[in-house]
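Quick notes on the structure that follows.
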2 protein chains.
Amino acid sequence: MIDYLFRLPEHATGTLQSQIQEMMVDAITRGHLAPGATMPSGRKLAEQLKVARNTVVLAYQQLLDEGFIVARERSGFYVSEDVRAGFVHSPDTDSNIPSPPANKTDWASKLSFFPDAFPYLHKPQDWQRYPYPFVYGQFDKKLFPIADWRDCCREAAGIAAIHNWASDHVDRDSELLVEQVHSKLLPRRGIWAGRDEILITVGAQNALFLAAQLLLKSSDTIGMENPGYVDARNTFLTQTQRIELLDIDEQGMVIDERLANCQCVYTTPSHQFPTTYTMSKPRRLELLEQANKHNIIIIEDDYESEFNYGAEPIPALKSLDTEGRVIYVGSLSKTLAPGIRLGYMVAPREFIRQAKALRRIMLRHPPSNNQFIIAQFLKRGYHDALIRRTSHTLFHRSKIMKTLLDEHFPGGTQKPDFGGSSFWVRGPEGLDCRVLGEAAKQRGILIETGDTFFFPGTEKLNYFRLGFSSISIEQIKTGLPLLGELV
Amino acid sequence: MIDYLFRLPEHATGTLQSQIQEMMVDAITRGHLAPGATMPSGRKLAEQLKVARNTVVLAYQQLLDEGFIVARERSGFYVSEDVRAGFVHSPDTDSNIPSPPANKTDWASKLSFFPDAFPYLHKPQDWQRYPYPFVYGQFDKKLFPIADWRDCCREAAGIAAIHNWASDHVDRDSELLVEQVHSKLLPRRGIWAGRDEILITVGAQNALFLAAQLLLKSSDTIGMENPGYVDARNTFLTQTQRIELLDIDEQGMVIDERLANCQCVYTTPSHQFPTTYTMSKPRRLELLEQANKHNIIIIEDDYESEFNYGAEPIPALKSLDTEGRVIYVGSLSKTLAPGIRLGYMVAPREFIRQAKALRRIMLRHPPSNNQFIIAQFLKRGYHDALIRRTSHTLFHRSKIMKTLLDEHFPGGTQKPDFGGSSFWVRGPEGLDCRVLGEAAKQRGILIETGDTFFFPGTEKLNYFRLGFSSISIEQIKTGLPLLGELV
């Protein structure tokens with residue numbers, strides 16, 4: 001007889017064997033099966049759960065190996081007596097968990113600032129459920145290189161690999177990954193950097209945060225593109241309130257007298273965020289000349305430079321820098337997957353040394369197992385192949401997007417010079433993108449309203465962005481005309 | 001005939017097939033094999049490399065699949081024409097890489113502070129090569145649960161899992177992991193927290209950094225144990241120079257009038273860092289009472305609380321907190337592996353909301369693939385089993401350490417109340433631990449000198465720490481008497 005009615009969880013993942021194993025671990029660690037208690041017999045449990053007897057036998061073997069249960073000859077399995085050592089349960093049972101203490105502390109008076117109050121682009125968590133998700137920067141299931149990724153994960157789970165990555169690296173990056181960034185990623189952008197000029201970061205956002213902390217005092221002014229990247233702005237706002245807004249034209253960021261007020265400038269020259277304009281070569285040289293003249297540090301966010309199917313690639317600003325005043329930021333979020341959080345920063349070694357020390361007290365280093373896996377991914381050429389495949393796919397989507405946009409929003413878009421994965425659309429005067437966004441959402445179309453990208457108080461309301469990194473050609477063909485009707 | 005003399009790299013890892021694949025990708029992306037060039041025939045390459053023909057065939061197939069080479073009927077393989085699209089090489093060849101631009105920027109005048117100047121514990125990178133590494137916080141190859149880890153990695157490489165973790169989570173943690181921290185890790189410490197009171201961090205260090213940024217203005221005072229954890233001190237020093245040093249006695253951190261000066265206090269009650277004293281229950285209640293009275297926020301760093309083989313576990317300070325003023329910090333660095341960088345913070349939801357927003361602009365979230373893997377690791381009971389095995393091993397080492405320490409350093413140590421993985425040793429008056437550390441290193445013995453743990457200007461020189469998390473019983477038995485002689 002079994003005392004408990006065991007049931008496998010409904011939406012469970014994993015094999016039946018691992019589900020049984022987890023169910024029993026749960027019952028043991030939560031105390032439903034106390035130390036010394038008899039385990040249900042394999043045969044009876046199999047009947048109750050309606051699974052094969054062997055499945056239960058294998059799950060029990062695993063529990064035995066892990067020390068959760070013990071076997072006694074001829075009388076079956078028991079919950080191990082020492083299994084709960086180390087557990088400090090509350091006096092109540094789990095089914096009667098006491099509420100956390102009433103919060104009697106006035107946190108508002110205790111906090112030095114409130115990052116929660118910064119505006120940012122809210123993306124619906126469930127975007128995958130919408131029929132027409134013109135979202136930006138998401139990942140496309142169909143493009144993820146599953147076999148290649150598994151190959152690298154297998155390598156990282158080898159004994160020698162584990163010994164390499166599992167230990168405390170304090171502040172060190174994987175030498176293998178730095179070498180690959182040095183020899184495979186940066187040459188694509190015309191950058192030849194020393195290995196001590198490269199720092200691995202938890203995505204590009206982390207590189208921006210490190211740079212902001214090191215470069216900006218509250219008395220400093222930072223120049224930023226407007227419209228621009230909201231979470232870069234938020235990062236800078238944690239350090240200084242002095243922001244100089246720099247305009248955008250067809251050649252990218254406009255260089256004018258406002259630059260002279262800045263100690264630091266943040267720019268997205270490959271593909272201006274969000275307008276997609278590429279900064280022209282003359283504009284780049286002018287920016288560097290002004291930076292040299294006024295002793296300005298430039299933060300170059302080279303996001304999405306990989307998808308340059310549209311034109312000859314323009315080398316990074318960093319590759320034209322003759323005075324070592326450009327801090328270059330890149331990531332694998334747009335090529336491989338944003339969830340992996342792997343970015344890098346390239347800068348003169350004087351700066352990297354400080355950034356590495358700050359990173360040590362901020363988080364030590366990006367997880368070493370991921371550094372190992374991604375080093376393998378780059379080393380085996382999988383990343384190069386992925387860029388080719390993705391560029392090919394984006395190129396086709398982009399052509400169809402462009403044709404349909406010209407038809408349904410005549411004159412409203414400019415073809416990005418540089419490929420990429422989004423269009424910045426100017427709607428008719430008088431359009432309120434926020435109203436459009438809501439109406440579109442009702443009809444299953446997700447767009448990104450343009451207002452959020454402008455600095456508060458400078459919003460233009462008739463712009464919106466359409467991403468096409470996570471939407472199929474069929475969805476584009478039906479969705480865009482629908483959106484056109486709404487406008 | 002083969003134009004190039006191909007040679008597999010010397011200390012290479014991976015299969016022969018993957019080595020050949022990498023060698024060829026390298027030759028292609030670096031331009032040694034130009035687009036359109038004929039690939040060496042499989043047979044000839046196999047001869048040159050002295051490998052089986054099939055190994056080359058399989059490597060070429062992979063290159064073909066990835067688009068690096070193309071096949072032409074009856075004439076073999078060629079480097080793909082479009083393989084180098086997107087590469088911006090410098091005008092020079094790779095063997096003649098131009099030096100980075102001379103650094104004409106005065107970085108010292110550009111930086112707002114110099115984290116590189118903060119003192120910290122330097123650990124030799126090559127500690128594994130020393131015969132007697134009494135280092136702390138490192139990982140023991142023999143204890144790493146290789147099979148369990150692989151099991152979870154396999155699960156994370158499944159298609160459904162990848163779709164779950166690869167997308168942009170913006171600021172969200174894995175719900176599965178939060179659930180496991182909630183139901184498997186925190187109950188061990190007597191903490192029952194809501195899911196919105198938990199935040200996953202890139203190791204405990206990241207949790208401390210987030211808390212410091214949110215809580216401390218430059219006019220605030222933080223109380224810290226002295227001696228104490230150096231990189232916590234450094235984190236606080238990035239925010240304020242006002243540090244109140246709190247003494248340690250056998251009951252842990254001393255509560256006296258100095259506490260009233262603090263807006264915030266950082267403490268390691270389970271196992272004071274580095275002295276290993278456990279804060280007594282009366283002392284805990286006194287600390288909380290004073291914190292309530294003076295409106296102080298407490299940061300509880302519960303490091304190493306899992307290895308409580310020595311005594312009945314004392315519940316976390318957080319579990320006794322009636323006013324919601326304790327911020328609890330934990331991690332898997334000491335149990336699983338420091339390289340994985342997985343920690344968590346538990347605090348009232350008002351605070352977690354701000355910490356999550358700050359984390360978003362700092363790094364978004366800890367990598368989602370690791371969150372997924374570790375959720376599986378906890379869910380399947382592997383972490384519980386690992387703690388049991390590790391505690392068992394540490395208990396044995398600890399007993400032998402204690403016996404030998406009493407023999408060779410009579411009166412110099414106290415048995416940690418709470419298990420753990422290190423001893424804090426008081427040497428004879430007049431001993432300079434720095435001299436001892438150097439002399440020991442010459443003889444292959446790594447110890448941690450005690451001076452670094454004290455606030456600059458308050459150093460005591462006759463203390464040192466002996467970690468035993470990464471050293472075998474045999475090494476202990478030979479190494480400790482050797483160290484005794486040196487003292």
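As the structure is a prediction and not an experimental result, all values here were calculated from the model. Order of the sequence lines sets the chain letters (A, B, ...), proteins ahead of strands, with each chain counted from 1.
Using a 4.5 Å cut-off between heavy atoms, A:R389 touches chain B through its side chain atoms alone. Residue contact with chain A, scored on non-hydrogen atoms closer than 4.5 Å, involves the side chain of B:Q376 exclusively. For A:A160, no part lies near chain B; criterion is any non-hydrogen pair under 4.5 Å. Heavy atoms of A:Q354 lying under 4.5 Å from chain B belong to its backbone as well as its side chain. When heavy atoms are compared at a cutoff of 4.5 Å, A:Q213 approaches chain B by way of both its backbone and its side chain. For A:D148, the part lying under 4.5 angstrom from a heavy atom of chain B is the side chain only. Using a 4.5 Å cut-off between heavy atoms, A:L216 contacts chain B through its backbone alone, with no side-chain atom that close. Neither the backbone nor the side chain of A:N292 comes within less than 4.5 Å of any heavy atom in chain B. Using a 4.5 Å cut-off between heavy atoms, B:Q62 contacts chain A through its side chain alone, with no backbone atom that close. Of the two parts of A:S333, neither the backbone nor the side chain holds a non-hydrogen atom closer than 4.5 Å to a non-hydrogen atom of chain B. Of the two parts of A:E66, the backbone and the side chain both hold a non-hydrogen atom closer than 4.5 Å to a non-hydrogen atom of chain B. For chain B, the nearby part of A:F144 is the side chain; its heavy atoms alone come within less than 4.5 Å. Both the backbone and the side chain of A:S167 come within less than 4.5 Å of a heavy atom in chain B.
In terms of heavy-atom pairs under 4.5 angstrom with chain A, the leader among B:K217, B:H163, B:H169 is B:H163. Counting heavy-atom pairs closer than 4.5 Å to chain A, the top residue among B:L111, B:V202, B:L214 is B:L214. Ranked by heavy-atom pairs shorter than 4.5 Å toward chain B, the options A:M24, A:R150, A:K110, A:E155 are led by A:K110.
Ring geometry for B:W165 against A:W149 counts as tilted: the plane angle lies between 30° and 60°, on a 0 to 90° scale. Classified by interplanar angle (parallel below 30°, tilted 30° to 60°, perpendicular above 60°), the ring pair B:W107/A:F351 is tilted.
In this structure a side-chain-to-backbone donor-acceptor pair under 3.5 Å is missing from B:E22 to A:R380.
Between B:D26 and A:K379 no salt bridge is recorded (no basic side-chain N to carboxylate O distance below 4.0 Å). Between A:K356 and B:D116, no side-chain nitrogen of the basic residue sits less than 4.0 Å from a carboxylate oxygen of the acidic one, so the salt-bridge criterion is not met.
Rounding to the nearest 0.5 Å places CG of B:N370 at 4.0 Å from CG of A:N369. Separation of atoms OG1 (B:T15) and CG (A:D151) is listed at 8.0 Å; rounding is to 0.5 Å.
The heavy-atom pair separating B:I146 from A:I159 by the smallest distance is CD1-CG1, 3.5 Å.
The cationic group of B:R353 does not satisfy the cation-pi geometry with A:F114, failing either the under 6.0 Å distance to the six-membered ring centre or the 45° limit from the ring axis.
Proximity of A:F209 to B:R359: side-chain heavy atoms (C-beta onward) are nowhere separated by under 4.5 Å.
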